[in-house]
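Each remark here refers to the structure printed beneath this line.
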Amino acid sequence: MSTDAIYSRCMRYYGRPVRIRTRDGHIHHGIVSRVSRTHVYLRPLSPRGRDRFGYGYGFWGFGIGLGIGIALGAIIGIALLPWYWW
């Protein structure tokens, strides 16, 4: 996939829980919180499938947390998480 195709797919899934597979074989789960032309940022999911809010989540800090940035060029595939519900 080209980076333009990955960018448009990430924008389409903005605010939704996804699973991203990178070229190095890592799989990341989270909610798409921000998308730039070079990176997609995921907000981590809690073990129960809910996203993390509030205090006391270690280095994630207050509120929605910092998340993780993944380079668009490293992404092989992105898919919605079918088991996630509100």
Side-chain angles (χ1 to χ4, degrees):
M1 293 180 98
S2 70
T3 54
D4 289 333
I6 294 171
Y7 175 79
S8 64
R9 183 174 287 184
C10 290
M11 289 301 294
R12 190 172 51 220
Y13 293 158
Y14 181 81
R16 300 181 75 185
V18 295
R19 178 181 61 210
I20 293 178
R21 182 181 309 231
T22 58
R23 289 184 185 183
D24 58 2
H26 289 98
I27 296 176
H28 304 276
H29 296 96
I31 297 174
V32 177
S33 63
R34 193 173 80 186
V35 180
S36 71
R37 286 286 177 185
T38 58
H39 288 81
V40 60
Y41 296 90
L42 297 180
R43 188 172 53 196
L45 296 173
S46 70
R48 292 189 321 255
R50 305 280 181 191
D51 50 347
R52 297 180 176 188
F53 289 97
Y55 304 101
Y57 288 104
F59 64 91
W60 296 112
F62 300 99
I64 61 173
L66 299 175
I68 182 172
I70 302 169
L72 292 184
I75 295 175
I76 291 176
I78 182 170
L80 286 174
L81 292 176
W83 49 263
Y84 185 87
W85 61 86
W86 297 98

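- The structure places CG of L42 at 13.0 Å from CZ of R19, a figure rounded to the nearest 0.5 Å.
- The side chain to side chain donor-acceptor pair (under 3.5 Å) search around R21 returns none, not counting sequence neighbours.
- When every heavy atom of M11 is checked against every heavy atom of V35, the shortest pair comes out as SD-CB, 3.6 Å.
- Legend: residues meeting side chain to side chain contact (heavy atoms under 4.5 Å, CB included) with R37, ordered by chain and number and at least two apart, are D4, Y7.
- By the 4.5 Å heavy-atom criterion applied to side chains, I76 and T22 are not counted as neighbours.
- Judged as a side chain to side chain contact (heavy atoms under 4.5 Å, CB included), and not counting sequence neighbours, the contacts of L80 are Y13, R16, V18.
- Distance check: L81 CG to H29 NE2 gives 5.5 Å after rounding to the nearest 0.5 Å.
- The environment of CZ in R34 is sparse: at most 12 heavy-atom neighbours from other residues, nucleotides or ligands sit within 6.0 Å.
- Atom CD1 of I31 sits about 4.5 Å away from atom CZ of R43, to the nearest 0.5 Å.
- T3 contributes no side-chain N or O that, together with a main-chain N or O of G73, makes up a donor-acceptor pair within less than 3.5 Å.
- Shortest non-hydrogen contact noted between Y41 and S36 is CE1-OG, 4.4 Å.
- Nearest heavy-atom pair across I78 and C10 is CD1-SG, 3.8 Å.
- Going from atom CD1 of I20 over to atom CD1 of I75 covers 4.5 Å, rounded to the nearest 0.5 Å.
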